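Here is the structure we will look at, set down as structure tokens.
The figures that follow rest on heavy atoms only: side chains count, while hydrogens, waters and symmetry mates do not. Predicted model, so just to flag it, every value in this text is computed and none were measured. Chain A is the first sequence line, chain B the second, and so forth, proteins listed ahead of strands; every chain is numbered from 1.
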2 protein chains.
Amino acid sequence: MSLQTVSRVINNEPNVRPEMKERVQASIDRLGYVPSIAAQRMSGSRSYLILAINDRERTIADWRERIGTDWVDQMLLGGMLTCAEHGYRMMVELVDTHNDHVERELSAMIAALQPDGVILTPPHSENPLITGLLAKRQISFARISSLEPGPGIRLTLDDDGSARKATEHLIGLGHTRIALIAGPEEYSLSGWRIDGWLRAMQDAGLATDGLCERGDFSFESGLKAARRLLDSPDRPTAIIASSDQMSLATLEVARDLELEIPRDLSLVSFDNTPIVKFTQPALTAVDQPIAETISRAVELLINQDKIAMPTEPINVEGSLVERASTGPVPAANGG
Amino acid sequence: MSLQTVSRVINNEPNVRPEMKERVQASIDRLGYVPSIAAQRMSGSRSYLILAINDRERTIADWRERIGTDWVDQMLLGGMLTCAEHGYRMMVELVDTHNDHVERELSAMIAALQPDGVILTPPHSENPLITGLLAKRQISFARISSLEPGPGIRLTLDDDGSARKATEHLIGLGHTRIALIAGPEEYSLSGWRIDGWLRAMQDAGLATDGLCERGDFSFESGLKAARRLLDSPDRPTAIIASSDQMSLATLEVARDLELEIPRDLSLVSFDNTPIVKFTQPALTAVDQPIAETISRAVELLINQDKIAMPTEPINVEGSLVERASTGPVPAANGG
DNA sequence: CTGTTAGCGCTTTCAC
DNA sequence: GTGAAAGCGCTAACAG
């Protein structure tokens, strides 16, 4: 049998007689032969590598501060395992968004690694410099949390629907003044969460004026936003915060103001990182289906030439995990 | 200039005139040229890849349960950044320890990826099947938390010293009955922690009989161990638990027995994962220098032919982070 | 259906 | 100090 036939068997190509195939496979198994990825890549075939690119600054900060953000872990959980099922590998890389050399950095990464697919998380997924470069280089990629038209498979984590669910949960508890601490404008998902909240409120005929503040996902920004909301004489009885860190901050502001949660204030968080089970009280939170979304992205990227690529965005639904930070609206006792 | 000269400049080899070197470098920069790692690897040079291998079962379980274990993140923090400094990449891979095909699995991984170095974490670092295979394949590797003689660079996270520090901290607070919930026997580090605790106790002239229980790092096992220790009539006034999960379990058992921490019982944890800041009370914990240790391992692996490899194990010191779960020994009021 | 040939982009080896 | 030739392990393209 020739080298070529072996290659055909390895790659599960047609045009090999079953009997021959079996014979080759037997030898492969006996010798424990595994093709070198480098050589495969060299000869113009695939590299069996999917790159997951995250924002450098934010990721490193999260790792350093050890505040419980498990975004990368969830990406690995969904991505690595799905990659492994198809004989692929996933590699995590960090790229600076706010950097003059994004293009250079990305180009170098692609030239060196030659991945078969790339997964872009926000804010990279919304950076035209990055998506443009990838498109030009003919590398297929998935954009997480980006709905802008253009190349790349689009996947969203149902920010809109989750915000709506959170809001409706609070409305169901009798709240009418439900505030939102939104994320920064540079993330589209911040806007989608506002939309979800806004629509749920409007559908219930509730006012929203002065009930939306912005933060940047950080604890510090949450402190400011929560103070602005809670210092108001006509303060909300419930707050939805767009990140666990901002929820933590809200908890602290509430403590300062001697507001008991959930008696005086209900709180719903976004992210559902491990720490929210341990706060006092444990937080009701929106769970983002990160692993599932990345898994779907990997699946699509790997099978891009076997199945039709979706032209519409794929929305992966999250869920609301109810814990102790939400409760019925306080009785109006003129306090 | 020839292709060859370019290669020499890229690899910073001698025998290129400075003037020539400069000219080549200028072109490289202008074109944004980056060599293909696959091709480099093919031609017998390095792959610029360091593999970090973790236990599959435990890692996936941690990711799924979302209990705040940030071991992989800390590995990436130390490993990826140090790799990047040297133009290397780090890849995380999962391997089953308790598996008949460990060798096959590892062989395949190595054949496919051809890493320049491998980092083994426990329990793999103590698995002779794995270390033997790597040695035979002439792949240099680092063994984290393994002191057994044999091939590979050995690095430890000062388990012995950390246990001693924790014990001495408690002795300093007046405790005399200090118990230890140790880890499972299959991890050498469990034994080192016992050693550190034992020696600190003996140095202070304190008894240790019946004060050491075993767990397997899990919450469930912690529950059992803590009950055995605290149900005893002559119960300890302080416990050191070998993992955050076992500490959490101890907290729960103490609550069941209406023991207030730290008034009736002091508790020191191991790991210092993000959640311990949020427990009630926040836990005094041993911080494991994971990032630093992996960074050191990467540094050594990359420079293996430039500098002499250490023959003695390298011990990276951790620190004790004091929080609210440790306090003075309760006054003996015959309660 | 199977085998042969050429070439991927580098580095090694050897000539000059 | 530089350049030319050979080859790493595979697969695409083509021949049979």
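- For the helix from C:dC1-D:dG16 to C:dC16-D:dG1, the angle separating the two terminal helix axes comes to 40°, with each axis derived from five pairs and the value rounded to 10°.
- Partners of B:Ser36 by side-chain contact (heavy atoms from CB on, under 4.5 Å), not counting sequence neighbours, listed by chain and number: A:Gln114, B:Ala38, B:Ala39.
- Listed by chain and residue number, B:Ser188 satisfy the side chain to side chain donor-acceptor pair (under 3.5 Å) test with B:Glu126 (two or more places apart in sequence, or in another chain).
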Between the protein and nucleotides 14-16 of chain C, which nitrogen or oxygen pairs come in under 3.5 angstrom?
none

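- Nearest-nucleotide mapping onto DNA chain D: of A:Tyr48 and B:Asn15, the residue sitting toward the 5' end is B:Asn15.
- Using a cut-off of 4.0 Å between Lys/Arg side-chain N and Asp/Glu carboxylate O, A:Glu292 and A:Arg296 are scored as salt-bridged.
- In this structure, A:Arg143 does not pair ionically with A:Glu148, as no charged nitrogen and carboxylate oxygen lie closer than 4.0 Å.
- Between the C1' atom of D:dG9 and the CD1 atom of A:Ile10 lies a distance of 12 Å, rounded to the nearest Å.
- Put simply, the side chain of A:Asp116 gets close to the backbone of A:Tyr48: a donor and an acceptor are under 3.5 Å apart.
- Side-chain atoms of B:Glu13 lie closest to C:dT12 of the nucleotides C:dT12, C:dT4, D:dG3.
- Ion pairing of B:Glu105 with B:Arg56 is present here, as a side-chain N (NZ or NE/NH1/NH2) and a carboxylate O approach within less than 4.0 Å.
- Closest approach of B:Val102 and B:Asp96 over heavy atoms only: CG1-O, 3.4 Å.
- Tested against A:Leu301, the residues A:Ile50, A:Ile139, A:Thr82 include a single side chain to side chain contact (heavy atoms under 4.5 Å, CB included) partner, A:Ile50.
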For nucleotides 7-10 of chain C, list the nitrogen or oxygen atoms of the protein found under 3.5 Å from its nitrogen or oxygen atoms, one pair per line.
| from | atom 1 | to | atom 2 | distance (Å) |
| --- | --- | --- | --- | --- |
| C:dC8 | O2 | A:Met42 | O | 2.9 |
| C:dC8 | O2 | A:Ser43 | N | 3.3 |
| C:dC10 | OP1 | B:Tyr33 | OH | 2.5 |
| C:dC10 | OP2 | B:Tyr33 | OH | 3.2 |
| C:dC10 | O5' | B:Tyr33 | OH | 3.3 |

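- One finds a side-chain N or O of A:Thr5 lying less than 4.0 angstrom from the OP1 or OP2 phosphate oxygen of C:dG3.
- Between the side chain of A:Ser140 and the backbone N or O of A:Val118 there is no donor-acceptor pair closer than 3.5 Å.
- In this entry the distance linking CD of A:Gln4 with P of C:dT2 reads 12 Å, nearest Å.
- Put simply, the side chain of A:Leu157 reaches to within 4.5 Å of the side chain of A:Pro289, judged on heavy atoms.
- Pairs engaging residues 28-50 of chain A under the salt bridge (Lys or Arg N to Asp or Glu O under 4.0 Å) rule: none recorded [sequence neighbours left out].
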